[in-house]
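In what follows, a single structure is set out as structure tokens and then discussed.
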Amino acid sequence: MKGIELEKAYNPQDFEDRIYKEWNEKGYFKPGSDADSPVHAEIESRRGGQNAQPYTVVIPPPNVTGVLHMGHGLNNTLQDIVVRYHRMKGDDTLWLPGTDHAGIATQNVVERRLKKEGLSRRDLGREKFLERTWAVKKEHHDIIVKQQRKLGNSVDWTRERFTMDEGLSKAVRDVFVTLYERGLVYRGNYLVNWCPSCGTALADDEVDHSDTNGAMYHIYYEIAGGESIPAVTLEDGTVFPGGTRIEIATTRPETLLGDTAVAVHPEDPRYAALIGKHVKLPLTDRTIPVVADTYVDRVFGTGVVKITPAHDPNDWEVAKRHDLEIINILNPDGTLNDACPEKYRGMPCAAARKAVVADLDALGLFKEEEKITHSVGHCYRCNTVVEPYLSDQWFVKMKPLADKALAAWKNGEIVFYPRKWENTYSHWMENIRDWCISRQLWWGHRIPVWYCKKCGEMIVSRTDPDSCPKCGAAAADLAQDPDVLDTWFSSWLWPFSTLGWPENTGDLQRFYPTTALVTAYDIIFFWVSRMIMAGLEFTGKAPFRDIYIHGLVRDKQGRKMSKSLGNGLDPLEIIAEYGSDALKFTLGFMCAQGQDVLVDKESFKLGSRFANKVWNASRYILGNLEGRELVPVTDSDLTELDVWIYGRLDAAARSARSALESYRYNDAAQTLYEFFWNDFCDWYVEATKLSFRSGDDAEKDRAVSVLLNVLEESLRLLHPYLPFVTEEIYAKLPRAEITQNRARAAASQNCCEPCPLRILPHTEYSGMLISAPYPEPADARRNDTVAERFAVLQDVIRSVRALRAECGLSPDAKLHISLVITPLSAAEVCAEKTDLIRLLAGVDAVSFVREKPARAIGAVGTGFEVFLLVDESVNADQLVARFKKELAAEQSFADKVTAKLAGKFAQNAPAEVVAAEREKLEATKRRIEKLSSYIESL
């Protein structure tokens, strides 16, 4: 056989794009149940004629105008790993891609472009504006798709969806009307969160609260009618002076223009005489009542609260209890409106605040400004300060939906990984508020409600009405509600609307409920909880079983990545430098359940080095095929070394499968890394060099045949984490010969069951690695005796390497070692494997003795003592001098730590710091004992 050449240097840019194109064009991303899938017949035969179980994941749809950042890179990577694993298991796997129309974000992008042209959306009109928006959507969508392909996402592009495509739009309208018919959608004039910049209402969970520097303004309201309240002596002996005016503390003095009352606590003796009276509202000609309400905190501020019902949710509730007037003082753009005195009209809130404070000061009604830090709500999209705002909006009654979703969790229909997120989920569900679903935008799903201009009838319909059902007015006399639905109103239907609901499609029957949702914890409220509610309400089933919540990607200092900090990482830049496999493996390796992922650019060298190791090891093995003949290898042909590596392969397959089934990505990655780098490369491949150096042709043929068997299976084991490099190498393997020889070996053993050393015992798999079978555990591969014997060998070899390093001896030094072996222990293997010890420990001679030789330093292990002989191959004088120098340094350090612990440090320092110092001292003492023994021995 000719040797197979891999390029000398691993360069992912040579093959990643080519391989992705081949996967996609040949249909490998499609479910195996699709008749045109290249693995349709293969999956069925692998299942023994049984229908494969579906494994479905719908991608969290990125905003269509967004650019994928490292958070998307992590999310997509984790999905791709688990999808590739289940595809190789033989499951009928569908990973469905798509994008979200992102109403607020996308409209902002288009409006910013128009602003640069000196235009507004109203200059264009709704129809022309939407044409521009669809064009922007296409432009950004193409960018996102290109990014996802570079990431290596194995999604079924033939099933790609968009939240405003025809099918999903139909689903959205159907859901709105159905909820309205069930009494769960209603319209009302309520206080909502309002973004003046975006010009739209926001749901409660679309408001980000952050601590902001501000001020508490202390101002006076005069009691109307010249009345006063008396002085009061309080229980603690202090005297409240009373008087003709009251002091109020507020963070927003400009809103006093919308005050309709002042509130005090009904049991506050300071203001008992004030209840039922009126106060003059400064800067206006109005007087407002004083009401008693337990909402007021007697301790906070002055114990008097101004009530502005149209601009504070708590004040709104007070107003409802006391039947107070509600006055809206804001325009939609956040400026003051005509309900305010003329002077302030048109002012933004910040400017009005300064003007109001100045005017109060001129009237002697301003006391002081107290600097504070307080929580302020900001728009989750544009970061503008959100205003409570009174307007007509559409809402969904959430409690009936939330009750079903809570029950589904309690019944075990959905499972969170990790479990800690269950508390977040249940807390939000139990305290849920109605959802404001209308948005004052043009881009989005238009609310399917019409108003008759002639009779005022409101029509809620799944189809555009031709006439008014009440008065018969024509369609021209019907005006559709100008608002659109919240973006999340379409994405909460994503798991079933993307599969064709409300039609009973084949995909819906086959792939719903989906299997797993992989998403970040920052959208549990926005998306995850709502999807569960919608799935249960409209399909009667939870939309997925497994909910894997991963952390966020942060920089090495733990900071969230952002443009302002300049610490963001572009996944495409990482891929351009290191390759997609490096990005994927690194993120998987570092993604532990319940933790954020802390990375910088250097982090991705981990994945790059590992992919490079796979490349170089494969290149070495394939290069050894020159002049060799592949032969069938049966159980009886295996050496103890071969049995050991198959045992390690079996353990890795078990561990990786277990980890991936429970979304422990880092555990699986660690397993793969340890197996391939340490067990396979550092031990097995190195050990097989004995066969190539000293074996005859038959042994060399046997050794290379086993090597190829293990490599082929290892590539399948690694594929979900390193899809490109494994696919490229897999394509180079002489797979026909490997498969043929496995079949011949099985036949010669008369196996009636699948042979544990064969991967495809009855069916030749000729497809690409992406759909090759994932390694399965095989009990016959486990051999505890061999594992124990080889563990001793490894311990001996590691001990010799450690002694070499301890002595500062070069790898070329010709060393002699002696071994004392405990009779009948597993360490007796050393006598059988001296050639292997010499090869891997890098020593010239191995002797077996009954006791420690003179002039030797050693180490102890299970069943053995190993000694490095200090003879003519080692300069003893130099060695003693080295050890004495190290001993002096260690002794000096021990003296310092001892003195430190004897002084005030041990009394004053934290306990954990003192404990750490004691551990250092104990480690140093052990090192001193070892060095002293070395010097004595020499």
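Bear in mind the structure is a predicted one, so any value in this text is a computation, not a measurement. We use all heavy atoms of the structure for the numbers below, so side chains are in, but hydrogens, waters and symmetry mates are not. Heads up: numbering here begins at 1 and tracks the sequence.
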Pair Phe489 and Trp492, ring centroids less than 6.0 Å apart: yes
Any donor-acceptor N or O pair under 3.5 Å, side chains Asn337, Asn331: no
Partners passing ring-ring contact (aromatic ring centres under 6.0 Å, His included) against Trp421 (at least two apart in sequence or in another chain): Tyr521
Modelled atom types, side-chain donor and acceptor of Thr255 and Lys306, under 3.5 Å: yes
CG-OG1 distance between Leu281 and Thr260, expressed to the nearest 0.5 angstrom: 9.5 Å
Selection residues 286-297 - residue pairs positive for salt bridge (charged side-chain N to carboxylate O under 4.0 Å, His left out), sequence neighbours left out: Asp293-Arg321
Sequence neighbours excluded, every pair satisfying salt bridge (charged side-chain N to carboxylate O under 4.0 Å, His left out) that has a member inside residues 441-453: none
Ring pair (Phe, Tyr, Trp, His ring centres under 6.0 Å) contacts in which one or both residues fall within residues 262-295, not counting sequence neighbours: Phe240-Tyr271
Any side-chain heavy-atom pair of Leu552 and Val597 under 4.5 Å: no
Selection residues 333-365 - residue pairs positive for ring pair (Phe, Tyr, Trp, His ring centres under 6.0 Å), sequence neighbours left out: none
Donor on one side chain, acceptor on other, His141 and Thr99, under 3.5 Å: no
Inter-residue atom distance Glu222.CD - Leu365.CG, 0.5 Å rounding: 5.5 Å
Which residues share a ring-ring contact (aromatic ring centres under 6.0 Å, His included) with His140, sequence neighbours left out: none
Any donor-acceptor pair under 3.5 Å from Thr238 side chain to Leu234 backbone: no
Salt bridge (charged side-chain N to carboxylate O under 4.0 Å, His left out): pairs with one or both residues in residues 185-203, sequence neighbours excluded: none
Trp527 (side chain) donor-acceptor with Ser491 (main chain) under 3.5 angstrom: yes
pair Asp481-Trp450: side-chain heavy atoms closer than 4.5 Å: no
Check against side chain to side chain donor-acceptor pair (under 3.5 Å), Thr65 and Asn63: CA-CA 5 Å; Thr65 54; Asn63 289 346; 5.9 Å; no
Thr308 and Asp259: side chain donor to acceptor below 3.5 Å: yes
Contact list for residues 309-335, test ring pair (Phe, Tyr, Trp, His ring centres under 6.0 Å), sequence neighbours left out: none
Side chain to side chain contact (heavy atoms under 4.5 Å, CB included) evaluation trace for Tyr180 with Tyr186: CA-CA 7 Å; Tyr180 180 79; Tyr186 64 94; over 6 Å; no
Partner set under side-chain contact (heavy atoms from CB on, under 4.5 Å) for Ala273, not counting sequence neighbours: Ile229, Pro230
Close side-chain approach of Val232 and Val239, heavy atoms under 4.5 Å: no
Residue pair Trp435 / Asp486, side-chain donor-acceptor N/O under 3.5 Å: yes
Considering all heavy atoms, the nearest Ile329-Glu254 contact: CD1-O, 3.9 Å
Check: Trp134 ring centroid to Trp443 ring centroid under 6.0 Å: yes
Spacing of Asp483 atom CG and Ser391 atom OG [to the nearest 0.5 Å]: 8.5 Å
Residue list, ring-ring contact (aromatic ring centres under 6.0 Å, His included) with His72, at least two apart or on another chain: His69
Student check: side-chain heavy atoms of Lys556 and Val599 closer than 4.5 Å: no
Cation-pi, Phe162 ring and Lys137 (6.0 angstrom, 45 degrees): yes
Under 3.5 Å donor-acceptor, Ser490 side chain and Thr487 backbone: yes
Heavy-atom pair of closest approach, residues Thr284 and Leu257: CG2-CD2, 4.0 Å
Within 6.0 Å of CD in Glu117, more than 12 heavy atoms from elsewhere: yes
Glu457 side-chain N/O to Cys452 backbone N/O, donor-acceptor pair under 3.5 Å: no
Electrostatic pair Lys397-Asp434, nearest N-O below 4.0 angstrom: no
Set of residues satisfying ring-ring contact (aromatic ring centres under 6.0 Å, His included) with respect to Phe129, sequence neighbours excluded: Trp442
Pair Gln393-Ser438, side-chain donor/acceptor within less than 3.5 Å: yes
Sequence neighbours excluded - salt bridge (charged side-chain N to carboxylate O under 4.0 Å, His left out) pairs with any residue from residues 103-116: Glu111-Arg121, Arg113-Glu139
Residues Arg554, Asp596: salt bridge by 4.0 Å N-O rule: yes
N/O donor-acceptor pair under 3.5 Å between Thr200 side chain and Leu441 backbone: no
Side-chain donor/acceptor of Asp359 to backbone N/O of Val356, under 3.5 Å: no
Under-4.0 Å salt bridge between Arg252 and Glu387: yes
